[in-house]
**Student:** 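Have a look at the structure that comes next, please.
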Protein chains: 2
Amino acid sequence: MEIQGLPGRLLADLGPAIAGGEIPEGSVLRTEELEERFRVSRTVVREAVRILESMRMVAPKRRVGITVRPKSEWDVFDPLVIRWRLAGADRAAQLRSLGSLRVAVEPAAAALAAVHASDDDRRELSALAVELTVTARAADLETFLAHDIAFHAIVLRASGNEMFAHLKDTVGAVLTGRTEHHLMPHQPRPYAVQLHREVAEAICAGDAELAERSMRTIVAGALDELNATLD
Amino acid sequence: MEIQGLPGRLLADLGPAIAGGEIPEGSVLRTEELEERFRVSRTVVREAVRILESMRMVAPKRRVGITVRPKSEWDVFDPLVIRWRLAGADRAAQLRSLGSLRVAVEPAAAALAAVHASDDDRRELSALAVELTVTARAADLETFLAHDIAFHAIVLRASGNEMFAHLKDTVGAVLTGRTEHHLMPHQPRPYAVQLHREVAEAICAGDAELAERSMRTIVAGALDELNATLD
DNA sequence: CGCTTGAATAAGTCATACCTTTGCGCGAAG
DNA sequence: CTTCGCGCAAAGGTATGACTTATTCAAGCG
């Protein structure tokens, strides 16, 4: 899935460094410098830089060098950019942005899922809702997280919208990050778990209205908690 | 802004060809073949392919070649992928997806904008709402389109969410495509124009509730019309 | 003081050689 | 006849040197 080979390694070094602000906006890199710093050939440097260019994070210019573009121009929807920002100094801002995005998208996805979900999807959602209840009560955060991610992924996919479906990994990253950085209670809130059951039931029953409302309560609550924690 | 140079040209040929299905999923390309077909060197081919790889549209494998990955794995949020799909055979599906996305995001953005918009933003929105009314009455579709794009762009930016803001170009592409392919009435619907004024007023007044509701009516209406036209 | 021109610089492109991985066929063993 | 494994060949991956092109900056000229 990742970019392989030496360009991939270069990218894995440069990307986070830029996203994390260690290489600040406006910095100018040179191909030759990167060759030496990472002990790789021009070919490799150029390919890595091309990728960063396609993410609009850098802009190569003749006679000048490779300039780091302002953050506001980056492809903020690129999964790599999101991951790098989540890993670095920008984590808080990135989580806030993603939180708002979830509030916008997930309720809509739930409503669509209530209409379009397959029978298998509905079954899986019900099962996961039960699992969430159990693992929450047992305070088994790790398993809870896995099921939570799966739950939201299925809702997104079942919406039938490819773009929503592709937010699966991003939402997963948010949930994972939240757990890893202890931005959530040690035991999942019973109310939140209850809401997941409601979403599952609503989708099973084909009740778009209710699915949307319950999902909105979930993600809005998550955003509130996030903002409260980050302040 | 675009990828420059020969790799950019290659990309501008290959990308649309893949996105448009002319090079179907599962096809296997070889570097040498591309070199000959486009009369460029290995370097150039590799850089273009690397970019396609970072969009998850192709996967190079040793001893096999460069295979075109299934559409479901592409980076559907990449601006280039969106543009290519809008230009090709996938236009209908892409427009539907983007329509749903707009329904999810733009109302949320409007609500946030009502809280976060700067005074300049509010002024501009008011002015644009007036312009929309005038150009709609005059059936000046070209100017209307430009102002419509600007209007939605400002709302997205004023939301204060960087991810929402970055959907500006995408929304612009949708609106442009809709006009160009005559998927909208010859003269903008007065009701839609009226709703834009409502959004502007609500944002100026800081009424998040109303801004969100009005915007939702706009984008939901656009989606309905789109679906009606495409069937 | 401004305009032109030229030289220096760094990216862009090409051709080539060589390395590394891996699919597949062939042959030997069971 | 089947199966296992070994080795070859094919394709991408990396390195390098030569050359091209665009662009900045400054020196020199009007």
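Per chain, numbering begins at 1; letters A, B, ... match sequence-line order.
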**Student:** Look at A/Asp121 together with A/Arg157 and state whether they make a salt bridge at an N to O cut-off of under 4.0 Å.
**Tutor:**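 A salt bridge is present here (some side-chain N lies under 4.0 Å from a carboxylate O).
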**Student:** With a 4.0 Å cutoff (strictly under), does any side-chain N or O of A/Lys61 reach OP1 or OP2 of D/dT24?
**Tutor:**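 Yes, such a contact exists.
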**Student:** Taking the nucleotide of DNA chain D with the nearest heavy atom to each, does B/Gly65 or A/Arg39 sit closer to the 5' end?
**Tutor:**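 Taking each residue's closest nucleotide, the earlier one in sequence belongs to B/Gly65.
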**Student:** Need two values: the first and the last nucleotide of DNA chain C, 5' to 3', having an atom under 4.0 Å from any heavy-atom of chain B.
**Tutor:**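 Taking any atom under 4.0 Å from a heavy atom of chain B, the span is C/dT13 to C/dG23.
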**Student:** Base, sugar-phosphate alone, or nothing: which one does A/Leu29 contact when heavy atoms must sit under 4.0 Å apart?
**Tutor:**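 Sugar-phosphate contact only - A/Leu29 comes under 4.0 Å of backbone atoms but never of a base.
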**Student:** List the residues meeting side-chain hydrogen bond (donor to acceptor under 3.5 Å, both in side chains) with B/Arg50, not counting sequence neighbours, and say none if there are none.
**Tutor:**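 Counting only residues at least two positions away or on another chain, B/Arg50 forms a side-chain hydrogen bond (donor to acceptor under 3.5 Å, both in side chains) with A/Glu47, B/Glu53.
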**Student:** How many angstroms lie between atom CE of B/Met215 and atom CZ of B/Phe151, to the nearest 0.5 angstrom?
**Tutor:**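 It is 5.5 Å, given to the nearest 0.5 Å.
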**Student:** Does A/Lys71 come within less than 4.0 Å of A/Asp90, counting only side-chain N to carboxylate O?
**Tutor:**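 Counted as a salt bridge, because a side-chain N and a carboxylate O are separated by less than 4.0 Å.
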**Student:** Are any of the side-chain heavy atoms of B/Val171 and B/Ile149 separated by less than 4.5 Å?
**Tutor:**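 No - every pair of side-chain heavy atoms lies 4.5 Å or more apart.
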**Student:** Nearest 0.5 Å, please: how far is CG in B/Asp78 from CE in A/Met55?
**Tutor:**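 Answer rounded to 0.5 Å: 9.0 Å.
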**Student:** Checking A/Asp231 now: which residues fulfil salt bridge (charged side-chain N to carboxylate O under 4.0 Å, His left out) with it, not counting sequence neighbours?
**Tutor:**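 Counting only residues at least two positions away or on another chain, A/Asp231 forms a salt bridge (charged side-chain N to carboxylate O under 4.0 Å, His left out) with A/Arg96.
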**Student:** May I have the distance from B/Glu33 (atom CD) to D/dG12 (atom C1'), rounded to whole angstrom?
**Tutor:**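 Taking CD of B/Glu33 and C1' of D/dG12, I get 14 Å after rounding.
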**Student:** Send over the distance from A/Gln4 CD to D/dT14 C1', rounded to a whole Å.
**Tutor:**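 In whole Å, D/dT14 C1' and A/Gln4 CD are 15 Å from each other.
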**Student:** Separation of A/Glu35 atom CD from D/dT14 atom P, in whole Å?
**Tutor:**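 Value for this atom pair: 14 Å.
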**Student:** Without swapping roles, check the side chain of A/Asn161 against the backbone of A/Met163 for a donor-acceptor pair under 3.5 Å.
**Tutor:**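 Yes, because the side chain of A/Asn161 sits within donor-acceptor range (under 3.5 Å) of the backbone of A/Met163.
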**Student:** Name all pairs fulfilling the side-chain hydrogen bond (donor to acceptor under 3.5 Å, both in side chains) condition that reach into residues 140-156 of chain A, sequence neighbours left out, sorted by first residue then second.
**Tutor:**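 Output for this query lists A/Glu106-A/His152, A/Asp140-A/Thr143, A/Asp148-A/His152, A/Asp148-A/His196, A/His152-A/His196.
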**Student:** In whole angstroms, how far is the P atom of D/dA11 from the CD atom of B/Glu36?
**Tutor:**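 Atom CD in B/Glu36 sits about 12 Å away from atom P in D/dA11.
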**Student:** Expressed in angstrom and rounded to an integer, what is the separation of B/Glu32 atom CD from D/dG13 atom C1'?
**Tutor:**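 Nearest whole value for this atom pair: 15 Å.
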**Student:** At a heavy-atom distance below 4.0 Å, what parts of residues 42-49 of chain B sit against DNA chain C?
**Tutor:**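 Close to the strand are B/Thr43, B/Val44.
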**Student:** Look for any protein N or O under 3.5 Å of an N or O in nucleotides 7-9 of chain D and output each such pair with its distance, or none.
**Tutor:**
| unit_1 | atom_1 | unit_2 | atom_2 | d |
| --- | --- | --- | --- | --- |
| D/dA9 | N3 | B/Arg63 | NH1 | 2.9 |

**Student:** Relative to the 5' end of DNA chain D, which residue comes earlier, B/Thr31 or A/Val40, by the nucleotide with the nearest heavy atom?
**Tutor:**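 Its nearest nucleotide being more 5', the pick is B/Thr31.
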**Student:** Please round to the nearest 0.5 Å and tell me the distance separating atom CH2 of A/Trp74 and atom CD1 of A/Ile82.
**Tutor:**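 Between A/Trp74 CH2 and A/Ile82 CD1, I get 12.5 Å after rounding to 0.5 Å.
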**Student:** Are any of the side-chain heavy atoms of A/Phe38 and A/Val44 separated by less than 4.5 Å?
**Tutor:**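 Counting from C-beta outward, A/Phe38 and A/Val44 never come under 4.5 Å.
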